[in-house]
Amino acid sequence: MRLTPDAWIFWQYGFVKLNATIVFTWALMVVLVLGAALITRRLTADHERSRWQNLLEIVVTGIVTQIEDVGLKAPRRYLGFLGTLFLFVAASALATVIPGYEPPTASLSTTAALALCVLVAVPLFGISGQGLLAYLKSYVQPTPVMLPFNLISEVSRTLALAVRLFGNMMSGAMIIAILLSITPFVFPVAMTALGLLTGMVQAYIFTILAAVYIAAASRNASGGKALQEPIPASAA
Amino acid sequence: MPIDWFTVGAQLLNFVILVWLMKRFLYQPVLDAIAAREQKIAAALADAASAAAEAHRRQDEFQQKNQAFDDQRATLLREARDAAKAERERLQNEAREAADAASAQRAKALLTEVRQLHAEIARYTQQQVFDIARRVLGDLSGVTLEQRMCEVFVRRLEAIEGPALVALCAALRAASEAEPASLRSAFALPAAQQAAIRAALEASAGQPVPLRFETIPGLIGGIELSAYGQKLAWSISDYLGALSSGLEETIRAAAPA
């Protein structure tokens, strides 16, 4: 039994390896991008549109609404990052219904990579939102004494993000694997359904937490207001 | 639980690529489509608003036109009614005038007829009266009466004066044997009266006057002298003629013009 898909290696050449995490990630990428490309190829601005376009519009506008609800006033600016986080995590959880599939998010490497992305994205959005000095100043708020604690907070929440997602996804996959060996009928189906729910919740939590961190970093020190900027029609 | 840092790096790269690809193939097209649809909806709403405004404007215009049409119709109707009223009054007046004229004409004709009838009756009565008077006076006239007439004639002759006397004298003087003055009476005058008259004439003329005595029963009773256009007469016939002339003048004056 593998605790992580990293251990499922298809090909290796020294340090470079092609494991299940990377392969399933590529597969998910292909499905997501190809599906999006196929559907958006025939987008229409008319009132009557295809159900697939409706689905995509619901997903995209839902993500935009969630980002806005967190407090980010220019949600389309963060849509690319946060939306992809959500869709990737959710897709990797949904794909668990496919036999033989192991979610990339059940690998600590993947969740660490995602958490690192958040760790990098937060200061980037914060600096672009309120400037380098203002952002750096936020680390010594309310007093310079808080600087180490703020730095620890940055690291620890990144770690928490990675471990939380990994733990939930890995445990779900592990539970199903164990149950399949004990009671191969019916019960694993229920647990798979539960795992789907858990995966969706984790995707939501991961994305919302990242949005919250970005929102916190984007607020200026004095006003506490989130970044507001004009939204171009084609911005994503 | 070891972390495979190569996998971490690979997943980082994968995620960044996925972000770019999703932006390129999902978010941008979908957001563009939504924006285009919103724009179309906004344009449609604007069109609808402008159409509604246009409709309101046209409705207002239509109402104004309707109002103007109603006003114009009311004005025309009122004018037509006034014109019809005036025409009716004119026609009524004309008819009334025509009726009055006809009535007046008829009344006038009736009056004329009545007056003509009255005149006819009066004329007839006058004629009858005069005929009766003439007959009565003719029956009554005699020598005595003629004598009396002769006296009156002589007295009147003597009473003439002024221009009438001058004209009479001239006429008497102009009389000759060939064309003597004529003295007419209804009855043959006795010699004494003829002499008295002759004497009176000669006294007036101042010379002998050739005189011819004629008897004309139509005079009824009376004497008439005529010489060179001058005439001096006294007779009942004259009285009756004067009366008749007076009556005719009275009737003519009373008759309509």
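Note on naming: letters A, B, ... go to the chains in the order of the sequence lines (proteins, then strands), and numbering restarts at 1 for each one.
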Exercise. Checking Thr40(A) side chain against Pro29(B) main chain: does a donor-acceptor pair fall under 3.5 Å?
Worked result: no

In this structure, are over 12 heavy atoms from other groups packed under 6.0 Å from [X] atom [atom1]?
X	atom1	result
Arg42(A)	CZ	no
Tyr13(A)	OH	no
Arg90(B)	CZ	yes
Gln59(B)	CD	yes
Glu54(B)	CD	yes
Arg24(B)	CZ	no
Gln63(B)	CD	yes
Gln105(B)	CD	no

How close do [X] and [Y] get, heavy atom to heavy atom, and via which atoms?
X	Y	value
Leu43(A)	Val30(B)	CD1-N, 3.7 Å
Val33(A)	Met22(B)	CG2-SD, 4.3 Å
Ala113(A)	Val8(B)	CB-O, 3.4 Å
Met29(A)	Asn14(B)	CE-O, 3.5 Å
Glu57(A)	Ala33(B)	OE2-CB, 4.4 Å
Thr84(A)	Tyr27(B)	N-OH, 2.8 Å

Heavy-atom cut-off 4.5 Å, strictly under: side chain, backbone, both or neither for [X] against chain B?
X	value
Leu87(A)	side chain
Arg41(A)	neither
Val16(A)	both

Find the distance between [atom1] ([X]) and [atom2] ([Y]) and round it off to the nearest 0.5 Å.
X	Y	atom1	atom2	result
Leu108(A)	Thr7(B)	CG	OG1	10.5 Å
Asp6(A)	Ile3(B)	CG	CD1	9.5 Å
Phe15(A)	Asp4(B)	CZ	CG	6.5 Å

Exercise. Counting heavy-atom pairs under 4.5 Å to chain A, which of Leu13(B), Ile17(B), Leu12(B), Leu21(B) comes out on top?
Worked result: Leu12(B)

Problem set entry | Distance-only donor-acceptor check, side chains Gln11(B) and Thr21(A), under 3.5 Å | no

Of all of [options], which one pairs up most often with chain B through heavy atoms under 4.5 Å apart?
options	answer
Ala37(A), Ala45(A), Gly83(A), Pro104(A)	Ala45(A)
Leu116(A), Ile39(A), Leu85(A), Thr111(A)	Leu85(A)
Leu38(A), Thr25(A), Leu18(A), Leu32(A)	Thr25(A)

